[in-house]
Amino acid sequence: MLDIKLLRDDLDLVKQRIATRGTKIGWERFSALDRERREMLATLERLKEKKNQLSGEIGKLKKSGADASAPMREIGELSKAIGEREGPLAQAERRFEEFMLLIPNLPHDSVPAGSGAADNREVRRWGEIPRFDFTPKNHWDIGEELEILDFARAAKIAGARFALYRGQGALLERALIQFMLDLHTRERGYQEIIPPFLVNRDAMTGTGQLPKFEQELFRTADPDWFLIPTAEVPLTNIHREEILEREGLPIRYVAYTPCFRREAGSYGQDVRGLIRLHQFNKVELVKLSEPQNSYEELEKMVADAEEVLKRLKLPYRVVELCAGDLGFASAKTYDLEVWLPGQGTYREISSCSNCEEFQARRAQIRYRPEKKGRTVYVHTLNGSALAVGRTLVAVLENYQQKDGTVVVPEVLRPYMGGLDRIG
RNA sequence: GGAGAGAUGGCCGAGUGGUCGAAGGCGCACGCCUGCUAAGCGUGUGUACCCCUUAAAAGGGUACCGAGGGUUCGAAUCCCUCUCUCUCCGCCA
């Protein structure tokens, strides 16, 4: 959520910067909704003031045994007037709040203009693209031939866009998860969390998935819960409605969780393989930072995610998303894209974002810069480090051999009982 | 799932219808005192929003004692519903 004061003071600036995302907002409603609600509130508060005053007088009169019938009559009128105004005010506030919750975050000044992936800016590349003396295969072919991935049976059990890992495939996925967690906890200062995988509506609203993106979430019927689409949701919401100690910042969390997404509207894309599933594994980083450090923290987070790829010796590039490609809550995002020989292209494997105070404002996560001072919203950051399934894809495709086997990256071997080759 | 107890400020903890945003303590901030440290003394110390101004503050107001509703001129205090926590029983991984 944006700062209401910013909208009041400089609506044109906000309009301009939101427009760079390509998002259309009915701005003409803002001033009307804001004015409506404030006028109603002011009127109602004046009436309540008068009522409280009278009520006090009645108390005094009654205590002294005097007659209180005059103010009692007067207060009856007031109560009626107040009662009549409360409902409409509540509605006006709800309309205003709904409006505010649908405005995306402002892109950071450094974010390149542009409307889609084509306008993203490549920041750097790392690693050598492997050369094969045979035609490299897709990971789903590799996986099915080695009998470590089984999409047909996953479809039988659940449906399309699910995967079943078998034997050394499952082991490889698990090794990746543990390798990533060990790196971030032992060397990069993140605390490991195992959060709930189901969260409530408040949590989803706090990070910005709701109210706008409900159609992309899986939801449970009886208690109104949602399956997390990313660990960003539970991790960021850990400190919802808290005032944090400055000394404790930045807070760094890492969690492995499965992620669940409806993928509504993505029907033609990536229908085969592990790239786009309703359920996938991810190791996620979340930081809560002081505002003045958050961009420095973002760079460090990107480096933490890159380190996973470097140690796996997987070639990748870092891309800075343009305004049109930014997620709803993000002010600035770097994507890591890994090279996939089977597709002959770079594919997203991580996304690291600084949401600045956008989520903190929704989720009421604050801290006190000075012992006595006012509270300030923290900045929240999140990043995948990495999307595990896609990392497995990259390993299979980059480490495939002519004979159909797959060499296990060295850093993973200790996690796989010394296994150096699959197949 | 059944029975019971509870939810008050950063923390602990009083408060069962009126001037309670809430005693007291701890913590914290500032000041005093003091060879140093410790102790002591004094003062202050919630959040959000609205109005008025505004560079900001001060000031005025409304709301908030788990959440929502109700009774009442008036609710932290009474009633209802819900959520959460704790204890016991049952069940279960």
Side-chain angles (χ1 to χ4, degrees), chain A residues 1-10 30-101 194-206 220-226 234 237-249 251 258 288 357 359-378:
Chain A
M1 198 151 70
L2 300 178
D3 187 352
I4 295 168
K5 290 194 190 83
L6 181 64
L7 272 77
R8 272 183 209 144
D9 294 347
D10 203 346
F30 172 77
S31 304
L33 285 173
D34 188 37
R35 201 178 323 112
E36 168 195 54
R37 137 181 173 278
R38 282 201 281 173
E39 279 167 8
M40 291 169 105
L41 182 63
T43 307
L44 189 62
E45 287 190 347
R46 272 197 304 278
L47 290 171
K48 284 187 175 174
E49 178 185 3
K50 181 80 175 131
K51 185 181 175 185
N52 287 343
Q53 225 172 37
L54 279 174
S55 200
E57 283 171 29
I58 290 170
K60 278 185 204 139
L61 287 172
K62 289 215 163 175
K63 206 163 234 176
S64 66
D67 174 41
S69 56
M72 297 270 278
R73 257 196 310 282
E74 201 179 335
I75 217 165
E77 296 293 311
L78 274 173
S79 296
K80 193 158 162 263
I82 289 168
E84 282 165 359
R85 283 169 168 80
E86 273 174 340
L89 173 66
Q91 280 175 29
E93 291 195 315
R94 208 171 311 123
R95 280 195 295 274
F96 182 73
E97 166 113 345
E98 277 164 18
F99 180 88
M100 292 298 292
L101 286 175
I194 301 178
F197 301 162
L198 294 171
V199 302
N200 58 34
R201 197 166 271 278
D202 288 342
M204 284 293 185
T205 305
T220 63
D222 188 354
D224 193 24
W225 286 326
F226 296 87
N237 275 283
I238 287 174
H239 296 292
R240 192 172 79 234
E241 290 158 40
E242 290 184 17
I243 297 170
L244 303 167
E245 295 296 329
R246 194 182 79 92
E247 294 71 33
L249 300 176
I251 291 172
L288 307 183
E357 60 175 48
Q359 294 179 325
R361 190 179 288 282
R362 289 175 165 244
Q364 294 291 306
I365 310 169
R366 293 163 292 175
Y367 81 109
R368 250 179 249 283
E370 288 164 51
K371 277 287 178 202
K372 277 210 67 151
R374 296 181 61 79
T375 57
V376 169
Y377 292 110
V378 299

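Between A:K60 atom NZ and B:U19 atom P there is a gap of 11 Å when expressed in whole angstrom units.
Of the residues in residues 91-99 of chain A, not one places a heavy atom less than 4.0 Å from an atom of RNA chain B.
Within the structure, side-chain hydrogen bond (donor to acceptor under 3.5 Å, both in side chains) contacts touching residues 38-49 of chain A (residues at least two apart or in different chains) are A:D34-A:R38.
In terms of the side chain to side chain contact (heavy atoms under 4.5 Å, CB included) criterion, residue partners of A:L6 (sequence neighbours excluded) are, by chain and number, A:D3, A:V14, A:L106. A search for side chain to side chain contact (heavy atoms under 4.5 Å, CB included) contacts involving A:E242 returns A:H239, A:L244, not counting sequence neighbours. By the side chain to side chain contact (heavy atoms under 4.5 Å, CB included) test, A:S31 is found to be paired with A:L11, A:R35, residues two or more places apart in sequence or in another chain being considered. With sequence neighbours left out, A:R246 forms a salt bridge (Lys or Arg N to Asp or Glu O under 4.0 Å) with A:E290. Residues that satisfy the salt bridge (Lys or Arg N to Asp or Glu O under 4.0 Å) test with A:K50, not counting sequence neighbours, are A:E74. Contacts of A:E57 classified as salt bridge (Lys or Arg N to Asp or Glu O under 4.0 Å), with partners at least two apart in sequence or in another chain: none. Annotation: salt bridge (Lys or Arg N to Asp or Glu O under 4.0 Å) contacts of A:D224 (sequence neighbours excluded): A:R201, A:R219.
For the P atoms, the distance linking B:G27 with B:G70 amounts to 43 Å, nearest Å.
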Could you go over nucleotides 56-60 of chain B and give all protein N or O partners under 3.5 Å, atom names and distances?
none

Report each atom pair, protein N/O against N/O of nucleotides 65-68 of chain B, whose distance is under 3.5 angstrom.
none

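Listed by first residue number, the stems of RNA chain B with at least three Watson-Crick or G-U pairs below 3.5 Å are B:1-7 with B:83-89, B:10-12 with B:24-26, B:27-32 with B:40-45, B:46-51 with B:59-64, B:66-70 with B:78-82.
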